[in-house]
Amino acid sequence: MTNRQRAASTALPPATRPAVPTRTVVVSLPSGTATTELLHRSASRVAAAGLTCTGGVPHFLAVSGRSRQLLDRWNGMTAGGAVARLDLTGMRHRAMLAASAQWQWWRHVTASTPTARTWTELLDRVDQDPDKYPLSRALRDYHSQSRVLAMQMHNAMPGQPWPLPLADIEAFQAGQHAYINLAWLSAVPADGLACHGGLLLQPDSDRLSDRITYLRMANAHLQQLPRDAALVAVMVTGPLLPLDS
């Protein structure tokens with residue numbers, strides 16, 4: 001087991017640690033794909049990438065009105081359908097508004113705390129010299145930082161309406177404008193994007209720079225899709241991210 005695989009299994013408290021990584025992948029399907037075939041075709045596409053599809057997930061905001069071009073709907077959300085029937089602009093707008101409010105709340109919670117070292121920064125030190133700087137010390141150093149502690153205490157409060165994900169600490173620290181832009185970019189592609197031809201786009205690591213590279217490529221693919229192409233969001237299990245990269 002590599003340092004990054006050990007980190008993935010120990011970075012979360014035991015009570016919240018998932019046994020198998022679960023991710024959302026958006027699958028891009030060609031024009032003319034029948035609605036009844038969307039989930040089956042999507043499952044086959046992610047299976048070719050070594051992932052197991054566990055079903056559709058209500059990821060997309062649906063355009064108002066009834067349409068046979070959509071999968072089952074939940075309170076205005078759908079697992080997918082023709083691009084013309086998905087409100088991708090609305091999804092991005094909602095994500096930006098939520099990110100703006102969340103960043104303001106993060107700034108309030110972490111006021112007066114110094115900039116935190118990111119988890120990937122400490123993992124790099126472990127990789128360079130695991131004997132001198134073991135994973136146990138990296139975990140201790142990361143979680144003892146005042147900014148991380150402030151976020152953890154905030155998240156521990158019962159009924160917290162605005163939890164602050166520790167995975168976003170690098171993005172939070174990049175500033176409000178960057179955090180809002182990241183939300184726009186992330187709203188549609190999810191954790192991975194399966195393109196035509198079997199290509200699976202995903203971040204090379206959980207570093208912010210790698211996430212941005214992935215999101216740039218994913219959104220470029222989405223922008224060139226015809227309106228009658230289809231997008232389907234599926235929940236998958238398996239190591240979507242190459243943890244030992």
Novice: Can you pull out every salt bridge (Lys or Arg N to Asp or Glu O under 4.0 Å) where at least one residue sits in residues 158-183? Sequence neighbours excluded, please.
Specialist: Asp168-Arg211
Novice: Just jot down the side chain to side chain donor-acceptor pair (under 3.5 Å) partners of Ser31, sequence neighbours excluded, or say none.
Specialist: Asp228
Novice: Using residues 38-49 as the side-chain source, report each donor-acceptor pair under 3.5 Å to any protein atom, sequence neighbours left out, with the distance given to one decimal.
Specialist:
unit_1	atom_1	unit_2	atom_2	d
Ser42	OG	Leu38	O	2.7
Ser44	OG	His40	O	3.2
Arg45	NH1	Ser28	O	3.1
Arg45	NH1	Cys195	O	2.7

Novice: Holding to side chain to side chain donor-acceptor pair (under 3.5 Å), I want the full list of residues that pass it with Glu37, two or more places apart in sequence or in another chain.
Specialist: none
Novice: Applying ring pair (Phe, Tyr, Trp, His ring centres under 6.0 Å), name anything that partners Tyr142, two or more places apart in sequence or on another chain.
Specialist: Trp119
Novice: Tell me if the NE2 atom of His93 is crowded by more than 12 foreign heavy atoms within 6.0 Å.
Specialist: no
Novice: Considering only residues two or more places apart or on different chains, which pairs with a residue in residues 108-117 satisfy side chain to side chain donor-acceptor pair (under 3.5 Å)?
Specialist: Thr113-Arg147
Novice: Start with the C-alpha gap between Gln128 and Tyr133, add the side-chain angles, then the distance that decides, and say whether side-chain contact (heavy atoms from CB on, under 4.5 Å) holds.
Specialist: CA-CA 8 Å; Gln128 291 167 7; Tyr133 192 76; over 6 Å; no
Novice: For Asp131, which residues count as a side-chain contact (heavy atoms from CB on, under 4.5 Å) partner, sequence neighbours excluded?
Specialist: Asp129
Novice: Residues in side-chain contact (heavy atoms from CB on, under 4.5 Å) with Ala79, at least two apart?
Specialist: Leu71, Trp74
Novice: Taking only residues two or more places apart in sequence or in another chain, which ones pass side chain to side chain donor-acceptor pair (under 3.5 Å) with Gln224?
Specialist: His221
Novice: Go through the structure and list residues passing side chain to side chain donor-acceptor pair (under 3.5 Å) with Ser100, not counting sequence neighbours.
Specialist: Gln176
Novice: Around atom CH2 of Trp105, are there more than 12 heavy atoms from other residues, nucleotides or ligands closer than 6.0 Å?
Specialist: no
Novice: Could you give the distance from OG1 (Thr89) to CG (Leu61), rounded to the nearest 0.5 Å?
Specialist: 10.0 Å
Novice: What residues form a side-chain contact (heavy atoms from CB on, under 4.5 Å) with Ala174, not counting sequence neighbours?
Specialist: Ala178, Leu208
Novice: Is there a side-chain contact between Leu231 and Leu225, using heavy atoms and a 4.5 Å cut-off?
Specialist: yes
Novice: Any salt bridge (Lys or Arg N to Asp or Glu O under 4.0 Å) pairs touching residues 134-144, not counting sequence neighbours?
Specialist: Arg137-Asp141
Novice: Short question: side chain of Ser186, backbone of Leu182 - any donor-acceptor pair under 3.5 Å?
Specialist: yes
Novice: Using 0.5 Å steps for rounding, measure from the CE atom of Met96 to the CD1 atom of Ile180.
Specialist: 6.0 Å
